[in-house]
Amino acid sequence: NLSRPLPFLRQIQTLFTKGSAAGGSLWAEKREKHMEEKKKGGKRAAPNRRGWLLAVLVLAGLGIWGILEWWAHTAPGPGITVNEEALTRREPFYQYDAPGVTAYAGVDVSSYQGNVDWPAVKAAGADFAMLRVGFRGYGTGRLVLDSSFRKNIEGARAAGLQVGVYFFSQAVNEKEAIEEASMCVQYVQGYQVDMPIFIDLEDVWDPDDGSGGRANNLSVTQRTSVARAFCDTVRGAGYKAGIYASYYYLLDRMHIGQLEGDNYIWMASYADSTSYPRSHDMWQYTDNGRVPGITTWDGRAASVDMNVWYE
């Protein structure tokens, strides 16, 4: 009969019951004695050690949080911290001359630049080109291939330029970030991609009604998760991965310290020099550059983003 305990189990049960009863009785006697002593005033109540312990834990937590916040805004990443004295301007590009660092000049383009004369860009001193693969609609959320991507990657490679790509993201969660990364991987297959595949993170506003893009209001944690999901997907496919954003966007709109190390950082700051406090791999220093070979659809000189890459 499995409902009946075995003899040795009954013995254990008996001992346990007696022990519990004895223990409970002893505890009750001590409690009663303690209360009597308190009534007589013969013994002071024990100090509130739990309160002190809680206060210490709270203070320790605040201290750790402060250290992590400081580290997230000052700790170095995988690239370099720029020495401004090593920056020189050799038109139309910046150069960087410092011991142990090799710098390369480049542009980043999309369909907005029209027909690019890639041999002319190469002759002007460019070493690389960052090309937009596509974008996600900031209102619709639809994925769109850049209409000039294939033409640009084929032309840049034929001219002898190193090539990397980027995707203008409006992902609002990890699932959409993976979709964007997968689209990049799909369209770079068959081409030699020397440089990373970057996720482009920035706010966007409708020029007509002023409404914000669908990803503008992501929290810092959400945006960090989006960037991580994109980069993990790209690296998982065998490519280098990176994050593009402005100086302040990198510092204030994501936990950049959680993304450095495995990923390349492409920082935008439009100035003659940069005081960005963290390490980075590429600096976009203007969105209004002029480079021979880059014109509008009707042949006029077109503005273009210009960059310097450090190794």
Side-chain angles (χ1 to χ4, degrees), residues 77-79 104 106-111 127-138 140-202 214-215 218 221-245 249-250 254-268 279-282 284 305 307 309-311:
Y104 301 94
V107 297
D108 60 273
V109 304
S110 68
S111 57
D127 300 302
F128 68 87
M130 300 300 302
L131 311 173
R132 187 175 73 168
V133 175
F135 61 92
R136 185 187 289 275
Y138 62 81
T140 65
R142 187 167 61 93
L143 298 177
V144 181
L145 177 68
D146 187 289
S147 59
S148 295
F149 173 68
R150 289 190 179 93
K151 178 175 60 178
N152 281 333
I153 194 168
E154 291 169 5
R157 290 300 317 173
L161 293 168
Q162 294 192 68
V163 166
V165 303
Y166 69 96
F167 189 94
F168 182 84
S169 175
Q170 282 291 290
V172 296
N173 52 46
E174 294 182 11
K175 178 178 179 292
E176 291 189 349
I178 292 170
E179 290 174 353
E180 294 175 353
S182 299
M183 180 175 174
C184 291
V185 170
Q186 175 187 348
Y187 282 101
V188 300
Q189 288 180 2
Y191 298 107
Q192 182 177 340
V193 178
D194 315 281
M195 302 176 73
I197 298 175
F198 285 93
I199 182 172
D200 178 349
L201 296 174
E202 52 188 287
R214 63 201 301 271
L218 291 181
T221 299
Q222 289 171 327
R223 189 170 291 105
T224 303
S225 296
V226 163
R228 182 184 295 111
F230 180 98
C231 291
D232 287 351
T233 302
V234 167
R235 285 200 315 278
Y239 296 91
K240 301 172 186 175
I243 298 135
Y244 165 91
Y249 218 86
L250 287 168
M254 67 190 84
H255 296 302
I256 190 60
Q258 298 178 15
L259 299 168
E260 295 168 333
D262 292 331
N263 305 310
Y264 292 83
I265 305 299
W266 179 8
M267 183 273 298
S279 295
H280 54 290
D281 302 279
M282 182 159 53
Q284 184 185 83
D305 299 339
N307 308 272
W309 172 274
Y310 315 106
E311 282 187 356

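Bear in mind that the values here come from a model prediction, so they are computed numbers and not experimental data.
For the atom pair CD of E174 and OG1 of T233, the computed distance is 9.0 Å after rounding to the nearest 0.5 Å. One distance of note links OH of Y191 with CZ of R150; it measures 6.0 Å at 0.5 Å rounding.
Applying the side-chain contact (heavy atoms from CB on, under 4.5 Å) test to A158 and every residue at least two apart in sequence or in another chain returns nothing. Listed by chain and residue number, nothing satisfies the side chain to side chain donor-acceptor pair (under 3.5 Å) test with Q186 (two or more places apart in sequence, or in another chain). Judged as a salt bridge (charged side-chain N to carboxylate O under 4.0 Å, His left out), and not counting sequence neighbours, the contacts of E179 are R136, K175. Under the salt bridge (charged side-chain N to carboxylate O under 4.0 Å, His left out) criterion, R214 pairs with E176, not counting sequence neighbours. Residues passing the salt bridge (charged side-chain N to carboxylate O under 4.0 Å, His left out) test with D146 are R132, sequence neighbours excluded. Not a single side chain to side chain donor-acceptor pair (under 3.5 Å) links Y187 to another residue, sequence neighbours left out. The ring-ring contact (aromatic ring centres under 6.0 Å, His included) search around Y244 returns W266, not counting sequence neighbours. When the side chain to side chain donor-acceptor pair (under 3.5 Å) test is applied to N173, no partner is found at least two apart in sequence or on another chain. With sequence neighbours left out, the salt bridge (charged side-chain N to carboxylate O under 4.0 Å, His left out) criterion links D232 to R235. Scanning for side chain to side chain donor-acceptor pair (under 3.5 Å) contacts around Q222 gives S219, with sequence neighbours left out. Residues passing the side-chain contact (heavy atoms from CB on, under 4.5 Å) test with A177 are A171, V226, A229, F230, sequence neighbours excluded.
Listed for the R223 side chain is a donor-acceptor partner under 3.5 Å among the backbone atoms of A215.
Sorted by first and then second residue, the pairs that involve residues 158-169 and meet side chain to side chain donor-acceptor pair (under 3.5 Å), not counting sequence neighbours, are S169-E180.
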Begin from the C-alpha positions of N152 and E154 and carry the test side chain to side chain donor-acceptor pair (under 3.5 Å) through to its verdict.
CA-CA 5 Å; N152 281 333; E154 291 169 5; over 6 Å; no

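Aromatic ring centroids of H280 and Y264 lie 6.0 Å or more apart.
Taking the charged nitrogens against the carboxylate oxygens, D281 and K240 have no contact shorter than 4.0 Å, which rules out a salt bridge.
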